[in-house]
2 protein chains.
Amino acid sequence: MHPHTHITLDRSSPVPLYFQVAEQLEEAILTGTLGAGERIGNEVALAADLGLSRPTMRQAIQVLVDKGLLVRKRGVGTQVVAGRVHRPLGLTSLYDDLMKAGQRPRTVVLKMDVVYPDDQVRAELRLADDAQVWYLERLRSVGSDPLAHMTNYLPTDVVDLAAVDLGETGLYEAMRRAGVVMRVGRQRISARRAEAAEARMLGESEGAPLLTMERTTYDDAGRAVEYGTHAYRPDRYSFESTLVDR
Amino acid sequence: MHPHTHITLDRSSPVPLYFQVAEQLEEAILTGTLGAGERIGNEVALAADLGLSRPTMRQAIQVLVDKGLLVRKRGVGTQVVAGRVHRPLGLTSLYDDLMKAGQRPRTVVLKMDVVYPDDQVRAELRLADDAQVWYLERLRSVGSDPLAHMTNYLPTDVVDLAAVDLGETGLYEAMRRAGVVMRVGRQRISARRAEAAEARMLGESEGAPLLTMERTTYDDAGRAVEYGTHAYRPDRYSFESTLVDR
DNA sequence: TAGTGGTCTAGACCACCGT
DNA sequence: CGGTGGTCTAGACCACTAA
C-alpha cells in the first residue's frame, strides 16, 4: 500500500525539511514513479516514516497541492492529479522562460531613457507628481524570429538601468541583481490588432492578432517596482497556468 | 503601533478561525482601513490579542499573502501591498464571472451531443479508446453583444448534460450541482485570427483578433472532468491574475 | 466503524533585518 | 542587539468518506 518513494532527508541542510520532501515527491510525480491517480499518504504514517511531525509533512504536501500536482480529499487520502504537467508561470520574465526552455533569446534595446511618466503609468507605480521613471523599449527574438515587443517603466530609485547590459540579461534578472526582491505581480492578458510599426518590428502584417500582457510588479515591501505592457506573436507564445481551488 | 482593525471571532462557528481572521483582514485592506504599505503584525502579538495560537494566526496571514494582498519580510514585518486589487481568477466559468460583475449573460446552446472524441480530446481527458463524451458548443452574450464562443467536452459519467438547462446556468455551476468537486485547472491562453463562421457569430469581421483559452479541469480525485477551448472578443474580455513568489 | 484530512494548541529554536 | 518572520515539534479533537 506504500509505494515507497524513498525520500531522503538531510537535517544539516539549510533547505527546509518540508521543502526537501516536496522536491522529492514532485520528482517522483514528474518521472512517473508516482502515477496519475495513485494515492500517497496518509500524512501521519508518512510523517512517522520520515521522522517528521505531522504539520511538517502536511506543509510538504501542501506545496504540491498548491502546484496542482496533488489533490486531497478528506476521509479518502491524497492522490496524484492526472494529466500532463506544465510549469506554472511565476514572477519570471520572458527571457528567463526562454532560457529555461533551452532557447537562445536575443534582445535589442530600442529605447532607454529617463522620462516623466504619463498619468496612467504614474498611477500604476504610485509615484509622486514630479517623479521620473526609466522608460525601456525592447524587441525580443529567438533565432531570426521576432517574438515580442516590450515596453517597461521603472521608478529610478529601484535600479540604475544605465549600469546594466540588457542585451545580455533579462530585466527581472537585472532587477534581482540590483537587490530588488519581487514578490507579487498583477497582470492582465488580452489581444488586439498589430499596428503598422509594431507589425513591421514583429514580422507580421498590419492588423495581425497580437497577444498582450500588462503587468505591475511589487517588491517585498509592497512597493510597485515595475510596470510593463508587452505584445507577443501568438503563434510563438502563449500563457500557461494552473489554477487551484482550496 | 497597532492599527486596531477590530477582528471578531466566533468560536462556535463552523468557519475556521484562520479563515475568519483572513476575511476580516482582507475586508480591512479592500476598504482602505489598512492602507498600502501599512504594517500589520507581529504574528505573536496579533495571535495573543485574538486569543489564538501563532500557527493559526500565521495561517490567516498566509491566505492573504497567497492572494497577493500582503507581503512578509523577515526581520521587518508584514505590510499591505500597494496598488489596486482585482479578484484573482479561480475555477470559475465565464458565466460565474459575469454574474458576479452584475452582468446578465445570455447563453445559446448551439450543439449538444454525445460523440466519440478525437485523439486530442481523448488524450486530454485520459479516456479509454471506446469512451464517449458530451460535446457542447455555446455562444455567450451580454445584452446584445456576443462575447465568447465556447466548445467543451465532458466524460459522460461526470454529468448528464441533458438534464441541465445550460441557458440558465453556467457549465461549472451545473457540474457542481451534479456533485463534481473541481480542484485543479490547467489552462493556456493565446490569440488567433477569427475564422469566417466564428467571426459572424461573434459580430466581428473575418481575421479579427480573438483571445483564446483552452483548459482541462480535474476533480478532487485527480480525474479529468472537462476540456474546453474558448474564443473571446478581446475588446470585451481579458484575463486578470495575481502571481506570488514565496 | 475505521481511516483520512482539516483545524488548532503551546510551545521551541533559528535566520535575517534594522538600529 | 531586539524584533521580526521561518521552521519545527508532539500532541489534540473534529468532519468527512467509504466499507
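Atoms considered below: every heavy atom in the structure, side chains included; atoms not considered: hydrogens, waters and symmetry mates.
Looking at residues two or more places apart in sequence or on another chain, you find a side chain to side chain contact (heavy atoms under 4.5 Å, CB included) between P55(B) and S53(B). Scored by the side chain to side chain contact (heavy atoms under 4.5 Å, CB included) test, V115(B) finds D113(B), V133(B), Y135(B) as partners (sequence neighbours excluded).
Nearest-nucleotide positions on DNA chain D place I61(B) closer to the 5' end than the other of V15(A) and I61(B).
Checking the phosphate oxygens (OP1, OP2) of dG5(D), a side-chain nitrogen or oxygen of T78(B) falls inside 4.0 Å. Taking side-chain N and O atoms only, Y18(B) has a distance below 4.0 Å to OP1 or OP2 of dT7(C).
Spacing between atom CG of L9(A) and atom P of dT7(D) amounts to 15 Å, rounded to whole angstrom units. Atom-to-atom, CD of Q79(A) to P of dT4(C) comes out at 13 Å; the value is rounded to the nearest Å. For R72(B) and dA15(C), the CZ to P distance is 19 Å, given to the nearest whole Å. When the C1' atom of dC8(D) is taken as reference, atom CZ of R58(B) falls 11 Å away, rounded to whole Å. Here dT4(D) presents its P atom at 16 Å from CG of L70(B), a figure rounded to the nearest Å. The interatomic distance linking E43(B) (CD) with dG6(D) (C1') rounds to 8 Å, in whole Å. dG5(C) atom P lies 13 Å from atom CZ of R183(B), rounded to whole Å. For the pair N42(A) CG and dA2(C) C1', the interatomic distance rounds to 12 Å; values are reported in whole Å.
Cation-pi geometry between R186(A) and Y218(A) is met: the NZ or CZ atom falls under 6.0 Å from the ring centre, inside 45° of the normal.
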**Complete:** Heavy-atom contacts, protein to nucleotides 9-19 of chain D, under 4.0 Å, summarised as B (base), S (sugar-phosphate only) or - (none) per nt, yield BB-B--BBBS-
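A donor-acceptor contact closer than 3.5 angstrom is absent between the side chains of Y18(B) and Q62(B).
Under the 4.0 Å criterion applied to side-chain N and carboxylate O atoms, E124(A) and R215(A) are not assigned as salt-bridge partners. Between K67(A) and E26(A) there is a salt bridge, since at least one side-chain N of the basic residue sits less than 4.0 Å from a carboxylate O of the acidic one. Salt bridge annotation for D220(B)-K73(A): present, with a cationic side-chain nitrogen under 4.0 angstrom from a carboxylate oxygen.
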